[in-house]
Amino acid sequence: MLLLNKEKSSEEADWRFCVAPMMDWTDRHCRFFHRVLSRRARLYTEMVTSGAIMYGDRERLLGFDASEHPVALQLGGSDPLELARAAEIGAGFGYDEINLNCGCPSDRVQSGRFGACLMAEPALVGECVAAMRSAVGGQIPVTVKNRIGIDEQDSEADLTRFIETVAEAGCEIFIVHARKAWLKGLSPRENRDVPPLDYERVYRLKAAFPELTIVINGGIETIEQSATHLEAVDGVMLGRAAYKNPALLLEVDAALYGETAAPLRPREALERMLPFIERELERGTRLSAIARHMIGLVNGRPGARLFRRLLTEESVKPGAGLDIIHAAIEAARRVEEAPSLAA
């Protein structure tokens, strides 16, 4: 296990800015990199099923670096007893939050009776939340990530009933993707873009439940947009925008948390990654497994193509090592010194 329980400071209980859980993307290498970019953003794991935790390699699935705090474990499942045990195990690994996925629309998730289809069963979700909260003994929050609706069940009354039922089970924090999910007829990719965004519904949800922490998710691409949403809700969660343009995370601490320290420059962030990358290479990790998360760091700047090529084409070659990262640092330096024109 890479880390044990630690005391949580009050600032770690802030959901003002979160980086969304994304399958195949927000692994531990990605999260370490994102933590280098922002000290305050709240990070989430990929969704891990309760069954995988019960019967799989827990160290591989749950291990993380202590620097990732605050970091949340997102679980997928619908069996209260199994989720309770998974939450207990996650708490033992030192996670700051256990999040239940009630928003993923993929066929695989639906066949397992978890993800977005759970919005049709608020009583079951409440039972799961109550069991998970009991298992972690109140030491860390149990939260829910959900959509504003699914299929034909997408009225404001349906959403209110879901939130009320789950809140009665003890959930105080909801991360709400401001799109409904079509479980039949749309692919997971289409469910990220086709259903229209309805931020106002999430705003009204917060107004109706002022005692709850409501975090908004979906289609948010900039720090400026995040600040606007924070006028109506308690937090914002960015997903693909933060992954594809990770440099925006360099702005988070100053813009949304009032930090006075100057943000890192991209090359400085890469320099801080060097010890981690060296350790991982010694453990047998391929450089490309880490480098793939850093490709977008200087997007939109002159010289970005060379930077991307180093981290895509060169990092996958046999024996690729720290020399590639040093070359990328030099490429990033040149990008920083170049005039700010389109790449």
Item checked: Rounded distance [0.5 Å steps], CD in Glu97 versus CG in Leu43 -> 11.0 Å
Notebook entry, point to check: Quick one: do Val316 and Ile324 end up in the same hydrophobic cluster if we chain Ile, Leu, Val, Met, Phe, Trp and Tyr together by side-chain heavy atoms under 4.5 Å apart?
Noted result: no
Next item on the list: Return the minimal non-hydrogen interatomic distance between Gln74 and Pro21, and the atom names on each side.
Entry: NE2-CG, 3.2 Å
Next item on the list: Identify the two heavy atoms, one from Ala116 and one from Ala181, that lie closest to each other, and give their separation to 0.1 Å.
Entry: CB-CB, 4.3 Å
Check: Are Asp27 and Arg292 within salt-bridge range, i.e. N to O under 4.0 Å?
Finding: yes
Next item on the list: Determine whether Leu159 and Arg204 make a side-chain contact, defined as any pair of heavy atoms from C-beta on separated by less than 4.5 Å.
Entry: no
Margin query: Looking at Arg333 and Glu330, is any side-chain nitrogen of the basic one under 4.0 Å from a carboxylate oxygen of the acidic one?
Written below: yes
Notebook entry, point to check: Is the backbone of Gln153 close enough, under 3.5 Å, to the side chain of Asp151 for a donor and an acceptor to pair up by distance?
Noted result: no
Notebook entry, point to check: Among Val136, Asp96, Ile173, which residue meets the side-chain contact (heavy atoms from CB on, under 4.5 Å) test with Pro141?
Noted result: Ile173
Margin query: Main chain of Met54, side chain of Glu82: is a donor-acceptor contact present, judged purely on distance under 3.5 Å?
Written below: no
Sequence neighbours excluded and cut-off under 3.5 Å, please list the side-chain donor-acceptor pairs for residues 206-217, or say none.
unit_1	atom_1	unit_2	atom_2	d
Lys206	NZ	Pro210	O	3.0
Lys206	NZ	Leu212	O	2.6
Lys206	NZ	Asp234	OD1	3.4
Lys206	NZ	Asp234	OD2	2.8
Asn217	OD1	Lys145	NZ	3.1
Asn217	ND2	Met237	O	3.0

Checklist line | Distance, nearest 0.5 Å, that separates CG of Leu249 from OG of Ser38 | finding: 6.0 Å
Checklist line | With sequence neighbours excluded, residues passing side chain to side chain donor-acceptor pair (under 3.5 Å) with Glu314 | finding: Arg309, Lys317
Notebook entry, point to check: Any donor and acceptor pair, going by atom type alone, linking the side chain of Glu268 with main-chain N or O of Leu264 inside 3.5 Å?
Noted result: no
Check: Linking I/L/V/M/F/W/Y whenever any side-chain heavy atoms sit under 4.5 Å apart, do Tyr203 and Phe174 land together?
Finding: yes
Check: Has Arg58 got more than 12 heavy atoms of other residues, nucleotides or ligands less than 6.0 Å from its CZ?
Finding: yes
Next item on the list: State the CG-CZ distance between Asp158 and Arg161, to the nearest 0.5 angstrom.
Entry: 4.5 Å
Note to self: Ring-plane angle category for Tyr199 and His229, please: parallel below 30°, perpendicular beyond 60°, tilted otherwise.
What the structure shows: perpendicular
Margin query: I need the Ile89 CD1 to Leu75 CG distance, nearest 0.5 Å.
Written below: 9.5 Å
Next item on the list: Decide if atom CZ of Arg133 counts as having more than 12 heavy atoms of other residues, nucleotides or ligands within a radius under 6.0 Å.
Entry: no
Check: Backbone N or O of Lys244 within a donor-acceptor pair of the Asn299 side chain at under 3.5 Å?
Finding: yes
Note to self: For Arg39, is there any backbone N or O sitting under 3.5 Å from a side-chain donor or acceptor partner on Asp253?
What the structure shows: yes
Notebook entry, point to check: Does the side-chain contact (heavy atoms from CB on, under 4.5 Å) test come out yes or no for Glu46 and Met23, once each step is laid out?
Noted result: CA-CA 5 Å; Glu46 305 170 90; Met23 294 298 293; 4.2 Å; yes
Checklist line | Gap separating the CD1 atom of Ile295 from the CZ atom of Arg308, nearest 0.5 angstrom | finding: 9.0 Å
Next item on the list: Could you tell me whether the side chain of Lys180 reaches within less than 4.5 Å of the side chain of Arg147, counting heavy atoms only?
Entry: no
Checklist line | Pair Glu280 + Arg28: basic N to acidic O under 4.0 Å | finding: yes
Next item on the list: First locate atom OG1 of Thr228, then atom CD1 of Ile223, and finally report the distance between them rounded to the nearest 0.5 Å.
Entry: 11.5 Å
Note to self: Over 60° means perpendicular and under 30° means parallel, so tell me whether Phe64 and Tyr95 are parallel, tilted or perpendicular.
What the structure shows: tilted
Check: Out of His34, Arg31, Arg35, which one pairs with Glu68 under the side chain to side chain donor-acceptor pair (under 3.5 Å) rule?
Finding: Arg31
Next item on the list: Treat each ILVMFWY residue as a node, draw an edge where side-chain heavy atoms are under 4.5 Å apart, and state whether Tyr243 and Val298 are in one component.
Entry: no
